[in-house]
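These notes are about the structure you will find just below.
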There are 2 protein chains.
Amino acid sequence: MAYRQGLDAETVLQAAIEMADLQGVEQLTLAALAAKLNVKTPSLYNHIKGFPDLRKQLSRRGLVLIKEAMVEAVIGKAEDDALLAAGFAYVMFARKQPGLYEAISSLPDYEDPELKEAGSQVVLFLLRILEPYGLSEEDALHVVRGFRSMVHGFASLEHRNGFRMELEKDESLRRLLQTYLRGLRIAVK
Amino acid sequence: MAYRQGLDAETVLQAAIEMADLQGVEQLTLAALAAKLNVKTPSLYNHIKGFPDLRKQLSRRGLVLIKEAMVEAVIGKAEDDALLAAGFAYVMFARKQPGLYEAISSLPDYEDPELKEAGSQVVLFLLRILEPYGLSEEDALHVVRGFRSMVHGFASLEHRNGFRMELEKDESLRRLLQTYLRGLRIAVK
DNA sequence: TTTACAAAACTAATATCATTAGTTATTATA
DNA sequence: TATAATAACTAATGATATTAGTTTTGTAAA
């Protein structure tokens with residue numbers, strides 16, 4: 001009805017994030033998104049390149065935010081404390097923004113330069129936390145892979161209700177990370 | 001053209017698996033599947049309930065097969081050796097049948113009874129391997145969650161090219177599992 | 001052997017998507 | 001004030017899954 005709704009790219013992205021978080025990234029369609037924004041579907045094309053592009057933007061935003069959450073969480077912490085905090089921050093993010101997290105983990109094409117860059121930031125952050133451990137570069141990279149596998153696997157399984165037993169989930173995560181870190185200490189020292 | 005193509009539910013499922021493994025589960029559509037089977041799309045409905053049902057069947061078959069792969073891998077092995085072998089079998093399965101693995105990890109609804117059952121079989125299998133460790137039931141369940149997180153996370157990241165550094169992937173997986181198992185030994189003994 | 005029925009394929013139609021082309025109204029700028 | 005850029009629109013297209021109804025085929029009963 002009203003021309004000039006006042007939309008811009010960021011507003012569209014925010015609405016998409018909200019919709020993904022609330023109803024799952026599968027339910028995110030341009031049709032539903034346009035309706036939410038009181039606009040006809042084709043109007044969205046003034047602000048996004050298309051559906052795949054929107055999905056990519058979600059992934060990128062998710063990667064940036066999850067890294068920021070980890071950075072915030074490790075303030076004033078080092079070594080095992082920092083890794084534990086970073087791991088919990090990662091999983092908490094997935095809980096709080098499930099749609100955005102789904103967007104990260106169901107990536108369109110990871111070859112995209114912007115996504116590559118955002119992913120690298122996560123890796124570089126973890127490498128910095130590992131510095132005090134005095135690992136070789138190769139060793140540190142293996143640890144980063146291990147850490148990412150643990151937290152992503154945990155968040156992913158939790159998100160799809162993969163943990164159905166009556167058992168405290170935070171405790172499972174704490175034990176997973178601490179058991180790994182304990183093993184790491186022995187390997188090192 | 002020819003009536004009576006000789007299709008049945010299993011043939012349709014196999015073709016779907018093949019298509020998912022070859023081109024990714026995103027590319028799996030009823031239209032493409034019907035074309036591959038030399039049949040019109042609506043004909044598929046004689047053998048499947050619909051698209052969501054087909055996806056569910058893929059997930060279930062994947063869960064069954066990945067559990068069988070782990071069972072086969074641990075023959076003649078126990079404790080750490082068995083867990084390591086099971087973990088590698090899990091990841092190898094994801095590499096060999098990427099579409100089927102995607103189907104497992106992008107599950108539609110995990111609340112479905114058949115999927116629940118298939119998932120439980122995986123958990124029960126892991127619990128049996130953990131028996132010799134003499135853990136309490138609660139401890140064992142935490143370990144199962146940890147193990148599943150590690151291998152699923154690793155397979156998932158690897159599948160989407162999440163590991164971009166020049167670094168042997170099998171070695172990363174071996175270190176991840178062994179580091180965790182080492183930590184577990186200390187916690188226990 | 002013939003007939004009847006169930007099942008597997010079909011055609012046709014609908015609804016929901018994303019996307020593109022072309023149009024109109026609004027805002028900003030020259 | 002006039003012009004240009006832009007954000008909305010309508011209309012149309014092609015792909016998708018799904019349903020309804022039809023035709024053909026295979027099988028089992030009479």
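Below, chains carry the letters A, B, ... as their sequence lines are ordered, and counting in each starts from 1.
- Nearest to the side-chain atoms of B:Pro42 among the listed nucleotides D:dT16, C:dA18, D:dT19 stands D:dT19.
- For a distance-only test at 3.5 Å, the side chain of B:Asn46 fails to qualify as a donor-acceptor partner of the base of C:dA7.
- B:Gln27 has its CD atom 10 Å from the P atom of D:dT16, to the nearest Å.
- Close to C:dA9, at under 4.0 Å from its OP1 or OP2, lies a side-chain N or O of B:His47.
- Taking 4.0 angstrom as the limit, B:Tyr45 places a side-chain polar atom (N or O) nearer than this to OP1 or OP2 of D:dT18.
- A salt bridge links B:Lys36 with B:Glu18: the distance from a Lys NZ or Arg NE/NH1/NH2 to an Asp or Glu carboxylate oxygen falls below 4.0 Å.
- Taking every side-chain heavy atom of B:Lys40 into account, C:dC10 is the closest of D:dT10, D:dT18, C:dC10.
- Of the candidates A:Lys56, A:Arg60, A:Arg55, A:Lys56 is the only one forming a salt bridge (charged side-chain N to carboxylate O under 4.0 Å, His left out) with A:Asp112.
- When the nucleotides C:dT20, D:dA8, C:dA18 are ranked by their closest atom to the side chain of A:Leu30, C:dA18 comes out on top.
- The CG atom of A:Leu44 sits 13 Å away from the P atom of C:dC17 (whole-angstrom rounding).
- Per the geometry, CG belonging to B:Leu28 stands 18 Å off P belonging to D:dA15, to the nearest Å.
- Side-chain contact check for B:His152 and B:Ser105: no donor-acceptor pair (N or O, by modelled atom type) lies under 3.5 Å.
- With respect to the salt-bridge test (charged N to carboxylate O, under 4.0 angstrom), the residues B:Asp80 and B:Arg185 qualify.
- The nearest whole Å value for the distance from the NZ atom in A:Lys56 to the P atom in C:dA18 is 18 Å.
- A:Phe51 has its CZ atom 8 Å from the P atom of C:dT19, to the nearest Å.
- If you take CD of B:Glu26 and P of C:dA18, they are 14 Å apart, rounded to a whole angstrom.
- For the pair B:Leu33 CG and D:dT18 C1', the computed distance is 15 Å after rounding to whole Å.
- An OP1 or OP2 oxygen of D:dC9 is reached within less than 4.0 angstrom by a side-chain nitrogen or oxygen of A:Ser43.
- Between B:Asp8 atom CG and D:dT25 atom P the separation is 20 Å, expressed in whole Å.
- The existence of a salt bridge linking A:Asp139 and B:Arg175 is confirmed by a sub-4.0 Å separation between a basic side-chain nitrogen and an acidic carboxylate oxygen.
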